[in-house]
Amino acid sequence: MDHEVFASHYVSLTNSDGLVRAVEMLARDGLVTFDGVHDRRSVVDLASRLLTAREHRDAGADGVTMIADRGSVADRLGYAGFGCRELDPHTDSSALARPPRLVMLVCVQPADCGGESSVVDGAAVYADLAARAPGLLQALKRPGTVRFGDPGYWGSVFEPTADGRMTVRLRLDGLEHFTEPVDEAVPVLRATISRYVRELPLRPGQGYLLDNWRMLHGRREFRGSRLMYRMLGDPVTSCVLPSGFVPGALAVVGASSDGWDRP
């Protein structure tokens, strides 16, 4: 269990400088953890200080989506979050031309067994691929080669922004289509992501806020009742965040050629 992930990104949002520190950490690391949020109303109140909620198919009028096991509903494409199986690291609302910048998840009730949240830093995945498989990375950056959703959005896994930064977009739930030669890079992409998965077990009242353009997030398989509140949105005007991450800003320790690259 990566309890240190929660601790190292923790910000006490009740402190006078809590919001300022949260924005600074989001800009630096793409992830903030917090606690002290124990009911739906407090989730909405906290979110209103940081984000403008986006409408979503599964959300209530207040913007909150209740993430819980809803049995056979999870068998439908695009509804896997409402089951108990593992969720691959992904980007929320990847089928939109402009996915929401921020994802907030708060634990109401953890599972009896399993169900740990997980996060992956897209900047680390990008840096690893740049060092080990630059040819495959170029394929993953090629515009209009991946369809996210159905009919969805045609884009790429890694996409540059106008200011020279980079964003990541991914789904692996059956509602994605990788064209040639991008599909050849997917096994390596999966293997690289698996090396950077960090578990983020949450107790009641704990949660995280992440940059949906930089961080992928998922969940371990679980048993028993599990309830999370989720909100999606964009930063409020007072919360200025750079887009995604700076390519090459992270070094991959021990990176070396291992035969992944293609001519």
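For R142, the side chain to side chain contact (heavy atoms under 4.5 Å, CB included) test picks out T145, P181, with sequence neighbours left out. Partners of R40 according to the side chain to side chain contact (heavy atoms under 4.5 Å, CB included) rule, which considers only residues two or more places apart in sequence or in another chain, are D62, V64, M66, Y229. Qualifying salt bridge (Lys or Arg N to Asp or Glu O under 4.0 Å) partners for R41, counting only residues two or more places apart in sequence or in other chains: D45. Taking the side-chain hydrogen bond (donor to acceptor under 3.5 Å, both in side chains) definition, one finds that T161 meets it with D163, sequence neighbours left out. Scored by the salt bridge (Lys or Arg N to Asp or Glu O under 4.0 Å) test, D173 finds R171 as partners (sequence neighbours excluded). Residues meeting the side-chain hydrogen bond (donor to acceptor under 3.5 Å, both in side chains) test with S48, sequence neighbours left out: none. E86 meets the side-chain hydrogen bond (donor to acceptor under 3.5 Å, both in side chains) test with R220; sequence neighbours excluded. With sequence neighbours excluded, the residues that form a side chain to side chain contact (heavy atoms under 4.5 Å, CB included) with S225 are Q109. Residues satisfying the side chain to side chain contact (heavy atoms under 4.5 Å, CB included) criterion with H90, sequence neighbours excluded, are L87, D92, H217.
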Chi angles and distances behind the salt bridge (charged side-chain N to carboxylate O under 4.0 Å, His left out) call for D69, R226: CA-CA 7 Å; D69 183 4; R226 178 183 186 270; over 6 Å; no
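A 4.5 Å side-chain heavy-atom check between V43 and M231 finds at least one atom pair inside the cut-off.
Comment: D121 engages R214 in a salt bridge, judged by a side-chain N to carboxylate O separation of less than 4.0 angstrom.
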Under 3.5 Å, which donor-acceptor pairs link side chains of residues 71-85 to any protein atom two or more places apart or in another chain?
residue: R76; atom: NH2; partner: Y79; partner atom: OH; Å: 3.4

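Residues V236 and R49 come closest through the heavy atom pair CG2-O, 3.7 Å.
Remark: R147 fails to qualify as a cation-pi partner of Y153 under the 6.0 Å distance and 45° angle criteria applied to the six-membered ring.
The line from SG of C113 to CZ of R223 is 4.0 Å long, rounded to the nearest 0.5 Å.
The ring pair (Phe, Tyr, Trp, His ring centres under 6.0 Å) contacts involving residues 19-74 comprise nothing, where partners must be two or more places apart or lie in separate chains. Residue pairs meeting the ring pair (Phe, Tyr, Trp, His ring centres under 6.0 Å) criterion with at least one partner in residues 114-136, sequence neighbours excluded, are Y126-F158, Y126-F245.
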